[in-house]
Structure formats: structure tokens, C-alpha cells
Number of protein chains: 2
Amino acid sequence: MTDTRSTPPASGDAPAATPDRRSPVTLSDVARASGVSLATASRAVNGSARKVRPDLHARVLAAAAQLGYTANGPAQAMARGRTSVLGLVVQDIADPYFSTMAAGVVRGAEQRGLVVTIGTTGRDPAKEAQHVAALRGQRASAVVVVGSRTDDAAVQARLAEEVAAFEASGGRAVLVSQESLPVDTVVVENEQGAEALVRALTERGHERFAVLAGPPGLLTARDRLAGFRAGAAAGGGRVVDDLVLHGDFTRDGGHAAMHRLLDSGFDRGCVLAVNDVMAVGAMAALRERGVDLPGAVAVAGFDDISTLRDVTPALTTVRLPLQEIGERAVELLLDEEGGGPRTVRVRGEVVLRASTPDLRRR
Amino acid sequence: MTDTRSTPPASGDAPAATPDRRSPVTLSDVARASGVSLATASRAVNGSARKVRPDLHARVLAAAAQLGYTANGPAQAMARGRTSVLGLVVQDIADPYFSTMAAGVVRGAEQRGLVVTIGTTGRDPAKEAQHVAALRGQRASAVVVVGSRTDDAAVQARLAEEVAAFEASGGRAVLVSQESLPVDTVVVENEQGAEALVRALTERGHERFAVLAGPPGLLTARDRLAGFRAGAAAGGGRVVDDLVLHGDFTRDGGHAAMHRLLDSGFDRGCVLAVNDVMAVGAMAALRERGVDLPGAVAVAGFDDISTLRDVTPALTTVRLPLQEIGERAVELLLDEEGGGPRTVRVRGEVVLRASTPDLRRR
DNA sequence: TATCGTGAGGAAAGCGCTATCCAACCACGG
DNA sequence: CCGTGGTTGGATAGCGCTTTCCTCACGATA
């Protein structure tokens, strides 16, 4: 197995390239110019398994640089039967959760000479499978799906089917966050993180918890909710069922849910949001209603989105190494597969900040 | 490797497609299965200029569906001489400024059946040209470079050269934010927006302005600074030169610059940051030093990053339609070119919030 | 010196698809 | 009944590159 990637070894700073040439320079041109055969030129320009005599090798490279040769990607892809494309599928690239992860994927991919394409689903899980299918048509060599994890069995089955087809056609696939499928996966330990968060809060004297729980069908949200419950129970506190409100997984979802919670008479306790943006929405709602934050109502989130680290009061949350998750996904992609599907588990780290004051020291 | 495909011509077998087929189905398979020539199959499967008799057309489509045919992207690209890839080059996809714009580009591209690839420069302007070159090698049909706009002439020249080469090879290019090059461009009216912001602030009674100005070589930052100066002058206020501090274009850059500003004795006035993330960093610094915000020191930013809309006090800024900019760039790309390079100008809108109180009403 | 193994260059066969060119075939009009 | 366009299918020539094979030269072994 050669791991000679096709990354043009041409040093980035070619001395006198002439990229203004009109009709594209082909490898044949290079071969002709350097007086070797097409085959030799090909072997010299990319790192083939076969060796080329040093002087010829240098001559070809020089000619390539002089002519401003750039390999024709599609042609290479076709001859090889595979592109060097990594397809990334996310819900919404403007969402910091996904864009941070994407940054990790892009970094990992660029290091390895892969091009990243990005597809978005706009929170429609059915589109994930469509994107994977399209990527298969493009002969992408890898795909990373940062999933939504719904509980819609038909949708999941469709995705599983497409991912299987993708792998069957020779590509590698990694899912982030949905371990139910038989594929390499990076999972976030949502439940464990949520539980640890609430344990830390009960230690600080918080006892009465409300939850802004996100959409009912979203497994990520559900896991976090379960973790909140477990943590509360373990710490002797409790999550009152009446105080579990569902809503969108967005800032506005949190904002609306918090208003509803206040409408229902809630005016003291700790509000746990299943992600940071919802928590921030909740804080906005509390401010609008003139509630003492964090005196009367404390708030905590999940994710530790970096652009949200400067809200006031500083938000207690569970830090997820989002960028690292992206990088790990790429690693998983490129490592030789051992046996069955592997799973990388990533833990969050509880970060206590001012939005959840220590009640016992007060 | 023989490819004796045992394509079962038995039709009407199962209505469901069989995407689990191992060796990829080619157009030849479809042609054979439907009893037409390869040429006809090609014409039927994609929208060729040539017409195909309706019954044949239907038969080919049926066979394609039945066999689970997916076109081989690279092969099509090679035969056509062009892919349907739009290359997007940004500095950092985790930065909300770029990710929001990227979302606009992705949306526009997906609507038009283009695949978006994303390249990042990590704030190194020289990498922009490299990415454009690579995209040319991939025979991308379009490229959008969201630029850094440095004043490094050599770097700019290199980019101009690569973009020209890209266009010469038949692709379309659009730059965002750097109008100095002879290419279609979307420019943000930074100076105008900055001036309008400061005018609005002087109307509210602000008179003494400090500026967190970003890197000296960054033209975007420089334009905004110029706008601040113009606005202050017009409104009878002033930007004291001693109070113009340079630093990174990031949250930490703003944070550090604000600390320096406070160290220098600044303790009253309005701080203008050249972007929102710097403004937020500055607010954090003020909080750390116990400065009355916005009482003693007011703060304003630029961009109106949506995840930053919930900081306290709410940040006065200039709203930029980031997502729309991305979409406009794609439009520019696909429209038939008229004559010379076109320029789309986008204005910002001043948004006054609590971080810059109205001094006269107080 | 004759033979074999090895290493490296060259010719050429595709990769899967599009597009050009040809050949049928049709419906007319003369 | 034959000539003329106008259609539409089919054969086929590539697109630019990788990758077998094949060949040849060279040095080592007998």
C-alpha cells in the first residue's frame, strides 16, 4: 500500500512559473519538454511506487515548474478511480458548534492533502443520506457526517444504507454523534457530561432544576436531559418534570422556552439548557423579565462555545473539545481499519462560572 | 480484473433500487440494460442538447433507477473539461464572520447544484493564491475568495495572477472585500459604515473616541479606522491619535489592546473596536478592571455577529448582512458577465444598543 | 563468456463519460 | 418515384492521467 499522496510536490515557490499560459499544460507537455515518456513524467511528478532515476526526476520537475504544470484533478481522480475529497456534512455551517468542528476537520484534512467539501442539511436529517449519496457519485474518498441523531427509524435506516453503499464503493465514513450505526464513530459523552455538571451544581448548593430540553426527537438533547436527571438524583437534588420544557435547539428556542417557564411561575432555581446558545437565549429572557440573574435564577449550558465565553454573567457549561472532535474524526478516517466499527469517546469537562454561584459560600 | 457484469436484464423485479450493488454501475451497464447505445443513455440521463425519443428516454431512466446508477463525477468532469465545484477560500471557518458568509455561499451554491469546497488560510494571505491555484488544478468552475486585504503588494500581485490564470482557464472568480483587483467583487462599505456609526454616537453625545484598530496592514481595519476618524470629525468629536491602538483582529487582540489602553490612563470615553469580537474582548477587559461599562467607558463594534448579540451591555455595532454577502457572491459568479469587472457594494446599518448610552438624555 | 535477475524507461490499455461525426430514417415537395 | 432537409440513434474519438506490461541494459552468478 503506497501512501504517496498525490499532493503536488512542486515546491510552493516555483521560481519562474508562467501561470498565465492560456491552454492548460498537460503532463504530456511536461514529458515532451523534458524528453521522457508520459509514464516517466507521471511517476516523477507524483510519488509513484516506481522509482525514477534522479537526474530524470529532476529534469521532469524542472520542466513542470517551468511550464507551470498543474495536475488535472478530475483526470487523476478518474484514472485512480478515487478523488482526494473528504465530504463533510453538517446541519448548519453558521452554527458555531458545527463551524468549530468543521475547522478541526478542515485542518486535519488539509494536513493530509485532502480537499474538504461541505454540505448542509438545514436540520433536515433526511438530507444527510442524500449528501452521502452525492458524495459517492463524486467518488469522494471519505465522508464525515456530523449527525442530528433523530429517533426517526426510517431516516436512520436510509442513512445507514447510504453509508454502507459508500463504504462498499471503497470510501471511508465516520459519523460524529450517532453511535447507533455500524460505522466508525466519534461520540460525545453527553449523558456523562450532563450528569457531572449537575453533580457539581448540587455540590454548590443548587437543588431545584428546570431544564430547557430542546426538541423531543433529538437524541443529543435527550441524552443530556437524561444526564441532568441522573446527576440531580445522585446529588440529592431533583429535576421536576413540570419544569422540563421542550423547544428549538437554538438561541430563540431557549429564549422562548425560558419565557414560558417564567410564565408558569418559575422564579427561583437553576435552569439547565441542553446547549449554550439556548442558555444564552434564556439569559436574555431573564434579563427582559427583570429576574435577578444569577441571584434568583442560575443558568448553565452545554458545549462551551467560544464566542459565548464573554456573556455576563459568565456561563457555566460543559466544555466540548469541538475542534479536536473534528480532527479525531479525520484521524479515524485515515487510519487503517482494524476489525469492526470503532468508536472514539470524547468527554466534556465541567466549567463552573458565575452564572451558577456557589450557594453555600454566600 | 474482468468486468463481466452479470447484469440481470430481468426488469420489474423489485421496485426498490438496489444501491447495495458492489461494483459501481456504469452508464454502459444502463445502456446495455435498456438496449440503447452508450450515447443515447448519456443523452437521456443528463440533459443534453440533443433530444431522445420519449419512450427510449423513459426506458433508460427506468433502467438507471433500477440498477441504482450514479454518475461518476470525475469522469463527467473530465469529459466535460470542468467540474461543478465552487471553491470557497476563507481565513478561518470557525470565525463567525466567515462561517456566516460561508453559509450564504453554501446556500446559494446548493440551490444551483454546485458543490462547495472550502479552503482556509489561517490568516496567511499568501495561502489565498495557493488555494486558487489548487482550485484551478481541480478544474473548479468558480471560486470565491473572502479576502484579508493586506497591503503587501507582492502577495496581492500573486493573488491577482492566480485569479487571472483561473479565469483564463475558463472559471469564474469573485472576491469579497478586496476591490483593488480587476475581478468581480463584493465590497463592504467599511468606511461609510464606520463613519455613520460615529456620527450616530456623536449625536448621542459621545465626544472622545479611542480606537482598537486591528493589525496595521489589514486594509479592512484601516478603512474602518478611517471611517471612525471621518465620522468623529464630522460630528465635532475627535479620535485622539494617542488612543489608536493596534492589535490582533481577534477577541484576544481586543482584550489585550483594551488593557493597554487602560494602562495608559484612559478611563472615560467611547472605545471603537474595528470588529465585534475585539469589542467583546475589550468589554471583558473593562470588566476585569472594574471600569463602569457603559457608564464611564462606552464600547462599539462592527459586523453584528449574531452569537454576540446577547452580551451585556448589548453591543452597539454596524450590522453587515454577512449571509447575504455570500449569496450575492454566488449570484455574481453565475450571472453572465457583462463587460469589465463588476462590483457589488454592500452597506452596513448602524445598530445602537446599550453599550453606548445616550449621554444627552441621561 | 553465457545466463539470469534486477531496475528503470516506454508503449499502450484503459478509467467512465461527453460530444462529434455518420448513417438511418422520416416526411415532404418536385 | 427520387431528391432534400430535418431528426435521432449509434459508433467512436478523445479528455489527461495512472498503471500494467514489455523491453532493454546492466551487473552478478555460474
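Lettering follows sequence order; numbering is per chain, from 1. Only this structure's heavy atoms are used, side chains among them; waters, hydrogens and symmetry mates stay out.
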When you compare the protein's N or O atoms with those of nucleotides 10-17 of chain D, which come within less than 3.5 Å of each other, and at what distance?
residue: dG10(D); atom: OP2; partner: S37(B); partner atom: N; Å: 2.9
residue: dG10(D); atom: OP2; partner: S37(B); partner atom: OG; Å: 3.2
residue: dG10(D); atom: OP2; partner: T40(B); partner atom: OG1; Å: 2.9
residue: dG10(D); atom: N7; partner: R43(B); partner atom: NH2; Å: 2.7
residue: dG10(D); atom: O6; partner: R43(B); partner atom: NH1; Å: 3.4
residue: dG10(D); atom: O6; partner: R43(B); partner atom: NH2; Å: 3.3
residue: dC17(D); atom: OP1; partner: Y69(A); partner atom: OH; Å: 2.4
residue: dC17(D); atom: OP1; partner: N72(A); partner atom: N; Å: 3.4
residue: dC17(D); atom: OP2; partner: L27(A); partner atom: N; Å: 2.4

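- Taking the side chain as every heavy atom from C-beta outward, L114(B) and S84(B) approach each other to under 4.5 Å.
- When T121(A), I325(A), L88(A) are each tested for a side-chain contact (heavy atoms from CB on, under 4.5 Å) with V146(A), only one passes: L88(A).
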Go through it in stages, so that I can follow the logic: the residues are R136(B) and T70(A), the test is side chain to side chain contact (heavy atoms under 4.5 Å, CB included), and I'd like the CA-CA distance, side-chain angles, deciding distance and then a yes or no. CA-CA 8 Å; R136(B) 179 159 57 97; T70(A) 317; 4.2 Å; yes
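- Taking atom NZ on K51(A) and atom C1' on dG10(C), their separation rounds to 19 Å, with Å as the unit.
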Would T83(B) and Q138(B) satisfy side chain to side chain contact (heavy atoms under 4.5 Å, CB included), going step by step from the backbone distance to the final call? CA-CA 8 Å; T83(B) 63; Q138(B) 294 302 321; 5.8 Å; no
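- For the pair V330(A) and R112(A), the minimum side-chain heavy-atom distance is below 4.5 Å.
- Checking each of L159(A), L135(A), V144(A) against V89(A) for a side-chain contact (heavy atoms from CB on, under 4.5 Å) leaves exactly one that passes, namely L135(A).
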Yes or no on side chain to side chain contact (heavy atoms under 4.5 Å, CB included) for N72(B) and M78(A), after CA distance, side-chain angles and deciding distance? CA-CA 9 Å; N72(B) 182 316; M78(A) 171 143 126; 5.7 Å; no
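- Between its opening and closing five pairs, the helix from dT1(C)-dA30(D) to dG30(C)-dC1(D) changes axis direction by 60°, a value rounded to 10 degrees.
- Annotation for R107(A): atom CZ does not count as buried by contact number, only 12 or fewer foreign heavy atoms lying within 6.0 Å.
- Distance CZ (R53(A)) to P (dC24(D)): 17 Å, rounded to an integer number of Å.
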